[in-house]
Novice: 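One structure is given below, represented as structure tokens, and several questions about it will come after.
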Amino acid sequence: RPKHQGSQETSARWRRDFNGNSDCGFDRLLGPAYLKMPLIRGIAFAFILMLSGCMSTTRSTDFYSLVSPQLPEFYQIPGVPFIDQTTDYCGPATLTMAMRWAGQNVSVESVAAQVFTPGMSGSLPENLVGTSRRQGLMAVPVHSFSALLTEVAAGHPVIVFANLGFRWAPVWHYALILGYDLKKKEMIMHSGHEELHRESMRRFEHTWMLADNWGLVVLPAGELAVSADELRHVSAAVGLELTQKTESAEKSYRGILKKWPTSLVALIGLANITYRKGHRHEAIALLRNALLYHPESKAAQHNLAVAEFQ
């Protein structure tokens with residue numbers, strides 16, 4: 001599976017820090033007892049203001065301010081449904097909005113039953129991925145600002161995971177990015193109680209960076225993310241097959257092969273599915289193609305021998 005920035009370590013840190021630190025604000029971050037102490041309250045908020053003025057690490061915003069990218073200056077995806085979240089349910093609400101946009105008629109309650117962890121008062125990113133795949137959807141990660149804008153410009157809403165606090169005191173939050181305005185340097189999103197909320201691009205990049213730039217595109221099976229490579233797509237398709245969403249996996253493998261006709265994983269995966277469905281000759285043709293492009297593949301050699309033997 002593709003990884004980014006030490007994904008296992010990142011996931012472990014999210015699990016460790018998630019408990020009681022989600023949805024979303026400095027009142028929850030600092031805690032009522034601290035806010036009642038004038039000296040600590042003053043120091044804390046002075047520190048917050050100091051940090052808010054020191055966001056020079058938002059390099060992508062700086063880049064898009066200086067360089068004219070090959071993107072529309074403004075774009076907003078039409079028709080993205082909005083769901084007003086309840087307490088601690090930004091994860092289920094955000095994923096439900098993305099799933100409904102992708103054509104799945106699901107409720108927040110049914111999604112929450114799969115992604116929400118009561119003991120953590122929130123939803124882990126990996127659970128959003130797993131739930132998307134169990135619904136037969138392609139769940140493809142997005143991990144850069146340029147990829148995020150590219151997906152939105154292509155009409156794909158992107159789920160983002162942000163940290164509204166600090167690395168040492170995180171406040172986790174999910175939102176659904178559905179537009180941007182490069183001229184005004186703003187991101188457009190469904191977030192919390194706010195539909196089509198506009199947020200400073202610089203502030204968004206800062207909070208997203210504090211959550212290791214985790215993003216997710218949820219697409220109907222067979223559709224591809226415009227910013228992701230072959231490896232990320234085949235990982236998503238394999239994930240569908242592992243969750244026994246065979247029809248969705250087949251559509252996804254076929255979509256991948258249209259763009260990457262030499263993809264070994266897609267050729268073998270599609271061959272396995274077609275063979276199990278009784279389409280032996282198509283499976284043999286796919287495996288022969290796999291060996292044509294990848295003659296060293298032991299898996300393709302073995303599967304072809306089995307298919308031809310029967």
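This chain uses plain numbering: 1 for the first residue, then up along the sequence. Basis for what follows: all heavy atoms, side chains included, without hydrogens, waters or symmetry-related copies.
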Novice: Distance alone, cut at 3.5 Å: any donor-acceptor contact between the side chains of D84 and H193?
Specialist: yes
Novice: Rounded to the nearest 0.5 Å, how far apart are CG of L178 and NE2 of H156?
Specialist: 13.5 Å
Novice: Check whether any side-chain heavy atom of R100 lies under 4.5 Å from a side-chain heavy atom of I83, and answer yes or no.
Specialist: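 Yes, side chains in contact.
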Novice: Taking NZ, NE, NH1 and NH2 as the nitrogens, is one of them in D229 or K259 under 4.0 Å from a carboxylate oxygen of the other?
Specialist: no
Novice: Tell me whether E296 at atom CD has more than 12 heavy atoms from other residues, nucleotides or ligands lying less than 6.0 Å away.
Specialist: yes
Novice: Is there a side-chain contact between L182 and M201 (heavy atoms, below 4.5 Å)?
Specialist: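 They are in contact (side-chain heavy atoms under 4.5 Å apart), so the answer is yes.
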Novice: Stepwise, does the side chain to side chain contact (heavy atoms under 4.5 Å, CB included) test hold for Y275 with V306?
Specialist: CA-CA 10 Å; Y275 182 80; V306 171; 4.2 Å; yes
Novice: Hey, any chance L264 and L231 share a hydrophobic cluster, counting ILVMFWY side chains that come within less than 4.5 Å of each other, even indirectly?
Specialist: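 L264 does not cluster with L231.
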Novice: Quick check: Y75 with Y180 (ring centres under 6.0 Å apart)?
Specialist: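 Not close enough - the centres of the two rings lie 6.0 Å or further apart.
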Novice: State, with a plain yes or no, whether a side-chain heavy atom of E241 is found less than 4.5 Å away from one of I273.
Specialist: yes
Novice: I'd like to know if the side chain of S297 and the backbone of A300 have a donor-acceptor N/O pair within less than 3.5 Å.
Specialist: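 Yes, the answer is positive, given that a donor and an acceptor are paired below the 3.5 Å cut-off.
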Novice: What pair of heavy atoms forms the shortest contact from P141 to A139, and how long is it?
Specialist: CD-O, 4.0 Å
Novice: Working to the nearest 0.5 angstrom, can you tell me the gap between K185 NZ and S200 OG?
Specialist: 9.5 Å
Novice: Show your working on side-chain hydrogen bond (donor to acceptor under 3.5 Å, both in side chains) between R134 and T131 and close with a plain yes or no.
Specialist: CA-CA 5 Å; R134 285 191 293 274; T131 299; 3.0 Å; yes
Novice: Are side-chain heavy atoms of I256 and V234 found at a separation under 4.5 Å?
Specialist: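 The answer is yes, as the side chains (C-beta and beyond) meet within the 4.5 Å cut-off.
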Novice: Taking atom CG of L137 and atom CG of L219, what is their separation to the nearest 0.5 Å?
Specialist: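 Here the rounded value is 8.5 Å.
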Novice: Under the criterion side chain to side chain contact (heavy atoms under 4.5 Å, CB included), I'd like the reasoning laid out for E194 against Q85: C-alpha separation, chi angles, the key distance, then a yes or no.
Specialist: CA-CA 9 Å; E194 297 184 68; Q85 75 171 67; over 6 Å; no
Novice: Under 4.0 Å between a Lys/Arg side-chain N and an Asp/Glu carboxylate O for E73 and K183?
Specialist: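 No, this pair does not count.
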Novice: Report the distance from atom CD of E205 to atom CG of L210, rounding to the nearest 0.5 Å.
Specialist: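 Separation between the atoms: 10.5 Å.
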Novice: Between N163 (side chain) and G165 (backbone), is there a donor-acceptor pair under 3.5 Å?
Specialist: yes
Novice: Please report the closest heavy-atom contact between S252 and A237, naming both atoms and the distance.
Specialist: CB-CB, 3.9 Å
Novice: Taking atom CD1 of I188 and atom CD of E195, what is their separation to the nearest 0.5 Å?
Specialist: 12.0 Å
Novice: Should the pair E282-R254 be classified as a salt bridge under the 4.0 Å nitrogen-to-oxygen rule?
Specialist: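 Salt bridge present between E282 and R254.
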Novice: How far apart are the C-alpha atoms of M189 and F204, what are their side-chain angles, what is the distance that settles it, and do they pass the side chain to side chain contact (heavy atoms under 4.5 Å, CB included) test?
Specialist: CA-CA 10 Å; M189 64 188 77; F204 164 75; 4.2 Å; yes
Novice: Look at the side chain of S144 and the backbone N and O of A147, then say whether any donor-acceptor pair between them is shorter than 3.5 Å.
Specialist: yes
Novice: What are the two closest heavy atoms between V111 and P92, and how far apart are they?
Specialist: CG1-O, 3.9 Å
Novice: Is a salt bridge present between E308 and R288, judged by a nitrogen-to-oxygen distance below 4.0 Å?
Specialist: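 R288 and E308: salt-bridged.
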Novice: So do the side chains of L270 and L257 get within less than 4.5 Å of each other, counting heavy atoms only?
Specialist: yes
Novice: Compare all side-chain heavy atoms of I268 with those of N303 and state whether any distance is below 4.5 angstrom.
Specialist: yes
Novice: Would you say Q301's side chain and P295's backbone share a donor-acceptor pair under 3.5 angstrom?
Specialist: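 Answer holds: yes.
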Novice: Below 4.5 Å, heavy atoms only, C-beta onward: do V217 and V226 meet side chain to side chain?
Specialist: no
Novice: Looking only at heavy atoms, which two atoms of A102 and P220 are closest? And how far apart?
Specialist: O-CG, 3.5 Å
Novice: In the single-linkage hydrophobic clustering (I, L, V, M, F, W, Y; side-chain heavy atoms under 4.5 Å), do L71 and F74 co-cluster?
Specialist: yes
Novice: Check E223, H233, R133 against M138 for a side chain to side chain contact (heavy atoms under 4.5 Å, CB included) and give me the one that passes.
Specialist: H233
Novice: Between S263 and W260, is there a donor-acceptor pair closer than 3.5 Å when you use the side chain of the first and the backbone of the second?
Specialist: no
Novice: Going hydrophobic residue to hydrophobic residue with side-chain gaps under 4.5 angstrom, can you get from L292 over to L304?
Specialist: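 L292 does not cluster with L304.
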Novice: State, yes or no, whether a side-chain contact exists between N127 and Q114 at a heavy-atom distance under 4.5 Å.
Specialist: no
Novice: Considering non-hydrogen atoms only, spot the tightest contact between E151 and V142 and give its length.
Specialist: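 Scanning both residues, the minimum pair turns out to be CG-CG2, 4.2 Å.
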Novice: Going only through I, L, V, M, F, W and Y residues with side-chain contacts under 4.5 Å, is there a path from I284 to L291?
Specialist: yes
Novice: If we check ring pair (Phe, Tyr, Trp, His ring centres under 6.0 Å) with Y174, which of these qualifies: F116, F161, W208?
Specialist: F161
Novice: Count I, L, V, M, F, W, Y as connected when their side-chain heavy atoms are under 4.5 Å apart, and connections chain through other members. Are Y253 and L224 then in the same cluster?
Specialist: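 The answer is yes; both residues are in one hydrophobic cluster.
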Novice: Does any N or O in the side chain of S132 come within less than 3.5 Å of the main-chain N or O of L128, such that one atom is a donor and the other an acceptor?
Specialist: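 Indeed, once roles are kept as given, a pair shorter than 3.5 Å links the two residues.
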Novice: Nearest 0.5 Å please: distance from the OG1 atom of T246 over to the NZ atom of K251.
Specialist: 12.0 Å
Novice: One pair to check against side-chain hydrogen bond (donor to acceptor under 3.5 Å, both in side chains): T94 and H190. What are the steps and the verdict?
Specialist: CA-CA 8 Å; T94 302; H190 291 339; over 6 Å; no
Novice: How close do P157 and L176 get, heavy atom to heavy atom, and via which atoms?
Specialist: CB-CD1, 3.9 Å
Novice: For the side chain of H294 and the backbone of T262, is there at least one donor-acceptor N/O pair under 3.5 Å apart?
Specialist: yes
Novice: Should L286 and T274 be marked as a side chain to side chain contact (heavy atoms under 4.5 Å, CB included) after you check the CA-CA gap, both sets of side-chain angles, and the distance that decides it?
Specialist: CA-CA 9 Å; L286 288 163; T274 55; 4.0 Å; yes
